[in-house]
Protein chains: 2
Amino acid sequence: MHDHAGTQAGSGGCGHHHGPEEALARAEAVCRARDLQFTRLRRDVLEVVASQARPLGAYDIAERLSATGKRVAAVSVYRALDFLTENGLVHRIASRNAFVSCGHAHSDGAGLVFLICRSCGTIDETTSPEVEDGLGRTLAKLGFKPASRILEVEGECGACLERAAAED
Amino acid sequence: MHDHAGTQAGSGGCGHHHGPEEALARAEAVCRARDLQFTRLRRDVLEVVASQARPLGAYDIAERLSATGKRVAAVSVYRALDFLTENGLVHRIASRNAFVSCGHAHSDGAGLVFLICRSCGTIDETTSPEVEDGLGRTLAKLGFKPASRILEVEGECGACLERAAAED
DNA sequence: CTCACGATGTTACAGTGTATCAGCGCGCAA
DNA sequence: TTGCGCGCTGATACACTGTAACATCGTGAG
């Protein structure tokens with residue numbers, strides 16, 4: 001439904017996508033530290049997700065994994081994604097029903113800001129103490145005790161803005 | 001799948017839910033001003049959504065409307081919801097795949113913060129210049145040009161916190 | 001009247017996510 | 001070694017969310 005802009009997307013220089021090696025290494029470390037099983041399926045799912053700077057749907061992931069021979073059902077992918085999200089290794093993008101691998105190494109998944117580029121489709125992940133402070137004050141004023149939150153911004157990333165400017 | 005905590009929820013005093021009359025009045029004004037049709041179906045959908053402080057799924061809405069006699073298909077509800085969201089009369093809660101009526105009268109739907117209570121399920125809607133400023137600065141630093149955003153916070157609302165404290 | 005156009009009705013279907021049960025691998029205790 | 005428990009995976013079925021396509025209806029303009 002939404003596939004263009006090349007198959008690897010990251011190669012264009014949009015945002016800063018970290019690639020699978022780093023993600024896999026961090027996953028191994030996390031699982032070892034928490035005494036969790038980093039099984040083959042979980043590894044494969046993470047590898048596919050981390051190979052893209054664009055978010056992938058669960059069914060996309062299942063299809064890509066199945067393409068390499070052995071069929072993988074979507075339900076298995078969902079279970080692997082549950083595991084990976086619970087451990088902060090991938091994040092769910094609520095506005096797209098899709099998943100991206102975690103770029104930074106922040107301990108928990110709190111306080112993230114996702115930047116989704118309308119042009120190239122890449123997702124950049126950042127943190128913002130300014131936003132955190134402001135939100136904390138606003139919530140405190142209202143007497144609301146936060147437990148989790150999502151903040152997703154859609155727009156044009158710097159690389160795409162530059163490219164558009166250069167084309168004039 | 002997810003229905004409990006009473007049918008009206010708003011009666012408990014959680015948050016400040018405005019009720020259908022105000023929402024309908026605003027909708028009429030908006031549609032008159034923009035020369036849009038505030039049809040029966042759109043009115044009915046908005047009334048159902050506004051009668052709840054909790055978010056309703058499109059199929060929930062269809063069911064409630066159908067319960068009053070005439071059957072309403074989900075697809076019709078979706079079309080009405082599209083119209084209402086485009087005109088800022090209801091908002092979509094991405095983390096729940098559900099809809100709430102707009103409480104405030106801000107012209108456009110930008111810059112909103114949704115507060116979702118885990119205990120009573122009500123949704124409160126607010127704005128935060130502090131968050132806006134912080135986010136604007138953070139995005140500017142990264143060279144990202146925002147077009148739209150969603151910010152949804154899940155936690156415990158003030159009323160539920162007080163109720164919990166009183167029960168000790 | 002007729003035509004254009006937007007709103008609605010209806011059916012079918014695509015996409016997203018979960019429930020359930022069965023089988024498998026592996027460590028561990030008897 | 002055997003048997004058991006437990007977590008992971010496979011597989012089917014299903015529920016929930018959303019859209020496409022086309023027919024119909026009502027209303028206002030010409």
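Below, read A as the first sequence line, B as the second, and so on, with proteins coming before strands; counting in each chain starts at 1. Both backbone and side-chain heavy atoms feed into the values below; hydrogens, waters and symmetry mates do not.
- In this structure, B:Leu81 atom CG and D:dT17 atom P are separated by 12 Å, rounded to whole Å.
- The separation between A:Ile61 atom CD1 and C:dT16 atom C1' is 12 Å, rounded to whole Å.
- With the nearest nucleotide of DNA chain D identified for both B:Asp82 and A:Val72, A:Val72 has the one nearer the 5' end.
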Subject >> Verdict with reasoning, B:Phe114 to B:His91, per ring-ring contact (aromatic ring centres under 6.0 Å, His included) >> reply: CA-CA 10 Å; B:Phe114 295 102; B:His91 300 296; 5.4 Å; yes
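- In the hydrophobic cluster analysis, where Ile, Leu, Val, Met, Phe, Trp and Tyr join through side-chain heavy atoms closer than 4.5 angstrom, B:Val45 is grouped together with B:Val30.
- When the side-chain nitrogen and oxygen atoms of B:Arg42 are compared with OP1 and OP2 of C:dG6, none of them lie within a distance under 4.0 Å.
- Residue contacts shown for B:Arg40 are absent, as no nucleic acid heavy atom lies under 4.0 Å away.
- You'll find that the side chain of A:Gln37 is closest to D:dG7, out of D:dT12, D:dG7, C:dG9.
- Dashed line: the shortest gap from a side-chain N or O of B:Ser76 to OP1 or OP2 of C:dA7 is not under 4.0 Å.
- As a whole-Å value, the separation of A:Phe38 CZ from C:dC26 P is 18 Å.
- Counting any heavy atom pair closer than 4.0 Å across all strands shown, A:Val75 reaches a base atom.
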**OP:** In sequence, state the C-alpha distance, the side-chain angles, and the governing distance for A:Arg118 and B:Ser148, and then conclude on side-chain contact (heavy atoms from CB on, under 4.5 Å).
**Re:** CA-CA 10 Å; A:Arg118 278 181 173 171; B:Ser148 69; 3.8 Å; yes
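- An OP1 or OP2 oxygen of C:dT16 is reached within less than 4.0 angstrom by no side-chain nitrogen or oxygen of A:Tyr59.
- Looking only at atom types and distance, the side chain of B:Glu152 has a donor-acceptor partner in the side chain of B:Ser95 under 3.5 Å away.
- Between the CG atom of B:Leu36 and the P atom of C:dG6 there is a distance of 12 Å, given to the nearest Å.
- Comparing C:dG6, D:dT9, C:dG17 against the side chain of A:Tyr78 picks out C:dG17 as the nearest.
- Residue A:Asn97 places its side chain closer to C:dT16 than to any other of D:dT9, C:dT10, C:dT16.
- Checking C:dG9, C:dT16, C:dT10 against the side-chain heavy atoms of B:Lys70 singles out C:dG9 as nearest.
- To the nearest angstrom, C1' of D:dT17 lies 15 Å from CG of B:Leu56.
- Ranking C:dG9, D:dA11, D:dG18 by closeness to the A:Arg79 side chain, first place goes to D:dA11.
- Each of A:Ala74 and B:Phe83 lies near DNA chain C, and the nucleotide nearest B:Phe83 is the one positioned closer to the 5' end.
- Look at CG on B:Leu41: it is 14 Å from C1' on D:dC25, rounded to the nearest Å.
- Between the C1' atom of C:dG15 and the CG atom of A:Asp60 lies a distance of 10 Å, rounded to the nearest Å.
- To the nearest angstrom, P of C:dA7 lies 11 Å from CG of B:Asp35.
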